[in-house]
Asks: 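Below you will find the structure I want to go over with you.
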Amino acid sequence: MQCYNKVCENKTDVFTSRDDTLKKSTKKIIIGASVAAACTLVTASAYVMLQAVTDTALKRAKPKPSNITKRKADENIEQSVFDKFEEEKKIAAEKLRSQNLEEVSITSRDDLRLCGHWWQCENAKEL
């Protein structure tokens, strides 16, 4: 049995002496190739996952119209109900504008300005 740099008594010494004789550049090449292979594997798996997520997102079903939209379009809901609501809303807005209102505001802890209108209520009771 031939040994490098010393006389060997068993096979373990032979392998140890061979490892010692590998050049440093060879070890660097092996390490570099391992790192490159790992990077390639990670990149390939990320690409496959991205493709799967994109395909899932693009193949989704379109949202279905809500029941209210269907009823309004299909069953001809009376428009007068909506018209009455709009008319009451306009009357309430005009009544509010005609009141003698005072604008008040406070500033919260996070410097947010909160604004509102205040008017004196007749026969007000404390809760």
Side-chain angles (χ1 to χ4, degrees):
M1 183 179 289
Q2 182 181 0
C3 291
Y4 300 99
N5 299 332
K6 62 181 180 177
V7 177
C8 299
E9 296 177 4
N10 57 28
K11 291 182 181 180
T12 311
D13 291 338
V14 172
F15 292 121
T16 305
S17 63
R18 284 185 184 165
D19 286 341
D20 291 339
T21 59
L22 281 176
K23 293 183 179 180
K24 290 182 182 179
S25 62
T26 307
K27 288 182 181 180
K28 288 181 182 179
I29 290 172
I30 292 172
I31 292 172
S34 301
V35 169
C39 290
T40 303
L41 182 64
V42 168
T43 304
S45 63
Y47 176 78
V48 169
M49 289 172 44
L50 178 65
Q51 289 298 322
V53 169
T54 304
D55 289 345
T56 302
L58 293 177
K59 291 180 182 177
R60 286 190 303 190
K62 293 181 180 178
K64 298 177 182 176
S66 67
N67 290 336
I68 294 172
T69 308
K70 283 182 183 176
R71 270 191 273 145
K72 189 173 180 182
D74 296 340
E75 299 174 7
N76 292 331
I77 295 178
E78 292 183 33
Q79 190 64 29
S80 63
V81 174
F82 296 109
D83 291 339
K84 287 179 184 177
F85 174 75
E86 286 295 321
E87 186 63 32
E88 288 181 26
K89 189 169 81 169
K90 287 178 184 178
I91 292 170
E94 286 299 320
K95 184 179 177 183
L96 186 62
R97 284 189 203 110
S98 68
Q99 297 285 331
N100 186 18
L101 300 176
E102 181 181 340
E103 188 174 312
V104 293
S105 66
I106 60 172
T107 304
S108 64
R109 290 184 201 172
D110 58 350
D111 293 330
L112 182 65
R113 185 171 177 245
L114 306 171
C115 299
H117 295 96
W118 180 82
W119 72 90
Q120 184 68 34
C121 180
E122 299 174 6
N123 302 324
K125 295 181 182 178
E126 190 174 327
L127 298 176

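Note that the coordinates shown come from a computational prediction; the quantities given were computed from them, not determined experimentally. Here, residue 1 is the first one in the sequence, and each next residue gets the next number.
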Asks: To check you understand the geometry: which heavy-atom pair defines the closest contact between Thr107 and Asp111, and what is its length?
Replies: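 Reported closest heavy-atom pair: CG2-CA, 3.8 Å.
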Asks: How far does CG of Asp55 sit from CG of Leu50, to the nearest 0.5 angstrom?
Replies: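 That separation rounds to 9.5 Å.
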Asks: Taking NZ, NE, NH1 and NH2 as the nitrogens, is one of them in Glu94 or Arg97 under 4.0 Å from a carboxylate oxygen of the other?
Replies: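 Between Arg97 and Glu94 there is a salt bridge, with a charged N closer than 4.0 Å to a carboxylate O.
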Asks: Just verifying a value: how many Å separate Glu102 CD and His117 NE2, rounded to the nearest 0.5 Å?
Replies: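 Those atoms lie 10.5 Å apart.
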Asks: Mind checking the OG1-CD spacing from Thr56 to Gln51? Nearest 0.5 Å is all I need.
Replies: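 One gets 10.5 Å once the value is rounded to the nearest 0.5 Å.
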Asks: For Leu96 and Leu101, work out which heavy atoms get closest and say how close.
Replies: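 Taking Leu96 first and Leu101 second, the nearest heavy atoms are O-CD1, 3.4 Å.
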Asks: Could you tell me whether Asp110 atom CG has more than 12 heavy atoms of other residues or ligands within 6.0 Å of it?
Replies: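 Atom CG in Asp110 is packed in, count exceeds 12.
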Asks: Run the salt-bridge test on Glu87 and Lys84 with the 4.0 Å N-O cut-off and return the result as yes or no.
Replies: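 Result for this pair is no, no salt bridge flagged.
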